[in-house]
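Single-structure report; data block below.
Naming: A, B, ... by sequence-line order, numbering from 1 per chain.
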Amino acid sequence: LCLWGHPYLNSIFLLFFFFFSLTPWVPVVGLEIHAQISSNSKLFSGSQVQFAAPPNSLVSFFDASLPGTLPVLNRRCVEAAVMTGLALNCSINKKSLFDRKHYFYADLPAGYQITQQRVPIAVNGSLSYSLCIDNKMSQMVTKTVRIKQIQLEQDSGKSLHDDVRSQTLVDLNRAGVGLMEVVMEPDMCCGEEAAAAVRELQLILQTLGSSQAVMAEGQLRVDANVSVHHPGEPYGVRTEVKNINSIRFLAKAVDYEIERQIEELESGGTILNETRAFDSKLGCTVPMRDKEGKQDYRFMPEPNLPPLILYNARSLPANMNHQQVVNIDWIHERLPDLPSVKRAKLVEQYGILPEHSFTLLNEAGLTEFFEDVIKQTQMKPKKVIGWILNDLLSYLKQHSLTVKESPVSSFLLADLLNRLEKKEISSTAAKQVFAELWKGEGKTPLEIVKEKKLQLIQDQEDLERICQAVIDGQENEVMAIKSGNRKVLNKLIGLVQRETQGRSNPVLVKQLLEKKLSE
Amino acid sequence: LLGRASLLVSAALKEGRVAPTELCQRCLSLIKSTKFLNAYITVAEETALKQAEESEKRYKRGQPLGVLDGIPIAVKDNFNTAGIETTCASNMLKGYISPYNATVVQKLLDQGAVLLGKTNLDEFAMGSGSTDGVFGPVRNPWSYSRQYKEKSVPKSHSEDKDSNWVITGGSSGGSAAAVSSFTCFAALGSDTGGSTRNPAAHCGVVGLKPTYGLISRHGLIPLVNSMDVPGILTRCVDDAAVVLGSLAGHDPKDSTTIQDNFKPFELSDLTDVSKLSIGIPKEYHAPGLSSEILALWSKAADLFKNAGAKVIEVSLPHTRYSIVCYHVLCTAEVASNMARFDGLEYGHRSDMNKSTESMYAATRREGFNDVVRGRILSGNYFLLKQNYENYFIKAQKVRRLIANDFVKVFGSGVDILLTPTTLSDAIPYMEFIKEDNRTRSAQDDILTQAANMAGLPAINVPTALSERGLPVGLQFIGRSFQEKQLLTVAKWFEKQVKFPMIQLDEVKRHDHGVFQHQKSASFLEHRT
């Protein structure tokens, strides 16, 4: 009561209330993600899976739906889905089923897609992801999205429409490639959350190796379901946004769609349950002509595939050929460290900041590079991380290179850092050496140091002589220092540095100067 | 020789009494002179002769591939055969040449069998008469037998002498006619609701529907995937066992085949049936069952009883729902399976090019007959979201009940069920087409279909000639994967009934000197 009576707090309360009555909308975002399974062959046939192969060069009789052909389930795809399910904390269904989903389309040769509509391979999981508040890396929050299910299904082929010749060309290379559809519950509320969740999923898939998850190659395709509603009311009508081919565009598309829906509703309009496409050039979503309009998929059990039975250590039949069974426990035991665990380990083991662990994992191969350097150097990890993130990473970004393509190997960087650590060179000199190494001319740090005469003056007498000379030449400054103005000492240090062309250790120089001035 | 069991012919080949090429030639020329039967859609004369030559070389080297080496066979035209047209008797696949062999075809070829050609059927195996394919109806060889001609009295002299011919039953009518008219020694059919056993009964040959999952379906153009099985048509039970042995077993290309190894078996002569328990399901006393067949059925039961077997009446209470249940499940799968025929990748494509959708529609209208289109329409109706529960799910549940009936009966100690295969003997074509395909299929599948619902092995054994001089068969249904027991009992029965051999003038002409009349004592005559 006392608090409510406070005039200042009262006004905050009113402001709060006022703020919400103006924007009384709660956005809700759910995602359906199709991840292409990283596998040598397709889900139900032996044809190879390969990106950008000549059109229709990877098509088996089954993929082309020749009459009489039958699906044969690819064990690798099942294992990838189980792995992914376990990594996403799902319960794995020991028995899952395949269904046919019917629709006519030129790139769907059988007239149906084999999917898992009734009983998918994994259900009821969750995914934790982190995002930073106000774009500040130092303020990270962790959120969780529920995973409704993961289902195995076939990819379709590709239709290429040639409007000029009014032709449709069909490429069946992709037809029948294994997909995992990951369905995320509508637990997100903005583009940034959706983007962060997908990025974390992408990292998990790549860590597991269950999908390469390269969005640009269509290995990870995201559809976003977006709706808005008033607090306390049921969810609004949702739209589905498709054609999102990068994580950045996902955030943009979702935010655009939320804004659009709010504006539409506030101006008295209604939201249609429709499919919209994201136009990355215009940065907006536009209604998409549905492939065949609203339709009934006439789901039916796939009669040519027996139920998919998975085993664990307990249920594993003793007489069963190990090649013919998938053992959930076996896969579980062999799961690699997931990104969240890896980050925690990095923070704990090397004492680096949590946000640095995110940056390390975000760049493919960077963690490994960092750890390689650590192994080969005496420098403290906390100092190494600075070189990795500030120097190596910014050079890579500037030149749009991946870690693998870096001209500076972990060996060379470790060598350089060791010389810095042993005080052979100053950190200013080290930066120079790094810039030289980047040129990739095959020189070692030592060669560069010698060539550029960057080594620190190791001879104390030499250094003392130079210090004495500087002191002798700066009477006024010496007076000032002696009268108590210690700041002026830095100027003298600078002069020594200039005299030695940066080859002196500033700490040592400071000690020498102080000693001499106190004499 | 052509009328002999393949096992005997095999021995003749081995002993060099006949050469594979000669055998093949004889069959080919018999096919030509029985062309009016319309049993074959495609005769692969050239490749057949080549295969026979290869076989001959093997025999000369003394290294035949097995019992089937050099044996001429025929395959129903819904099995894929590399390089030989596979049409399903449909405009949709007219001219379609598959790039691969069905597993069963490959297995036969691998064992040296000579593939004479592809046999006629109802379009996409949808029918029970072999009357509804684009290549026209198949004629039952028995229509031209001395046995039938003697007994059928032409109503008037003016009446077309030819109009009396009877149907083969179906849908594997071409295969049944081919085996029955001695143009091949064994043929593959397919059996979804009775399509192998029904024509086998009408044509007086052995028709075996193995357990679902025992033989690969890879390469069989499906009707109902969950019920289809490749069927085997032969002159005698021993031959069926030989062919079964060469086809059965796991196929990595068909995930619904059994994992266990299958050991081919030879049938021994059963001397003692006293330990057998034969079940007579009362529900098979179906409306429309001819008194003739009913009498035959009970005589067969007596035969077992008199030989010491236990014969008991059993009940399969859900059998009466089989037809309606089958209708839903069959059409639903048909709707799905036929979706791939859109004119894009293979088969017929309409000239209509206004839009992809209109091309699909025209292609399918031109490519499929009314029966196929009707089933697609019904099936899609049953699969609609609002109907799925009420039709498809219910039908699946009923199917389970039907299958459970069998489990209970076999669980009670019954070894084999004995039933009629068909309601009557074959009827004249002119009579048959008075009813539509759907009515006929519902009537004709009634005694055979439950075995497909339950996936059980069943066999038609030709038993006797009807009053009209046409074959009548009885069906034995066995336990899952107990083909050996089923065939052993069938063989014993076959031996008792001494079914007469067809007497065809065409065969006589082609096989003079070697063709022999078997003792013509029919089962009926024998028992009375």
Listed by number, the residues in residues 47-65 of chain A that come under 4.5 Å of chain B (heavy atom to heavy atom) are A:F61, A:A64, A:S65

So, the part of A:N304 with a heavy atom under 4.5 Å from chain B: the answer is both

Query raised in the report: Should we say atom CZ of B:R400 is surrounded by more than 12 heavy atoms from elsewhere, each under 6.0 Å from it?
Result: no

In terms of heavy-atom pairs under 4.5 Å with chain A, the winner among B:G379, B:P99, B:S98, B:C88 is B:P99

By residue number, those in residues 211-221 of chain B with heavy atoms under 4.5 Å from heavy atoms of chain A are B:Y212, B:R217, B:H218, B:G219, B:L220, B:I221

Turns out that what part of A:Q324 lies under 4.5 Å from chain B's heavy atoms comes down to side chain

Among residues 360-368 of chain B, residues within the sub-4.5 Å heavy-atom range of chain A, in order of number, are B:Y360, B:R364

If one checks every heavy atom of B:N80 against chain A at 4.5 Å, the contacting part turns out to be side chain

Whatever's closer than 4.5 Å to a heavy atom in chain A on B:E333 counts as both

Is it true that a side-chain atom of A:D296 and a backbone atom of B:K385 form a donor plus acceptor pair closer than 3.5 Å? yes

Interface check, chain B: of A:T69, A:T168, A:L66, A:L108, most non-hydrogen pairs under 4.5 Å belong to A:L66

Of all heavy-atom pairs linking B:A332 and A:M300, the shortest is O-SD, 3.8 Å

Between the CG atom in B:N380 and the CZ atom in A:R298, the distance rounded to the nearest 0.5 Å is 4.5 Å

If you tally heavy-atom pairs under 4.5 Å between each of A:P301, A:G46, A:P71 and chain B, the highest tally belongs to A:P301

Just wondering, more than 12 heavy atoms not from A:D329 lying within 6.0 Å of its CG?
yes

**CA sep, side-chain torsions, deciding dist, call: A:F104, B:E357, side chain to side chain contact (heavy atoms under 4.5 Å, CB included)** = CA-CA 8 Å; A:F104 281 106; B:E357 285 74 18; over 6 Å; no

Heavy-atom closest pair (A:L70 atom, B:K253 atom, distance to 0.1 Å) is CB-O, 3.5 Å

Greatest number of non-hydrogen atom pairs under 4.5 angstrom with chain B, of A:G111, A:P109, A:S166, falls to A:P109

Shortest non-hydrogen pair, A:V72 vs B:S255, comes out as CA-OG, 3.8 Å

Contact list (residues 336-351 of chain B to chain A, heavy-atom gap under 4.5 Å, by number) returns B:S336, B:N337, B:A339, B:R340, B:F341, B:D342, B:L344, B:E345, B:Y346

Highest number of heavy-atom pairs under 4.5 Å with chain A among B:F79, B:Y96, B:Y100, B:F392 belongs to B:Y100

Check this for me: A:R238, atom CZ, are more than 12 non-hydrogen atoms of other residues, nucleotides or ligands nearer than 6.0 Å? no

Note: B:P222 and A:G68 closest approach over all heavy atoms is CD-N, 4.1 Å

Does atom CG (A:D162) have a neighbourhood of more than 12 heavy atoms from anything else shown, all under 6.0 Å?
yes

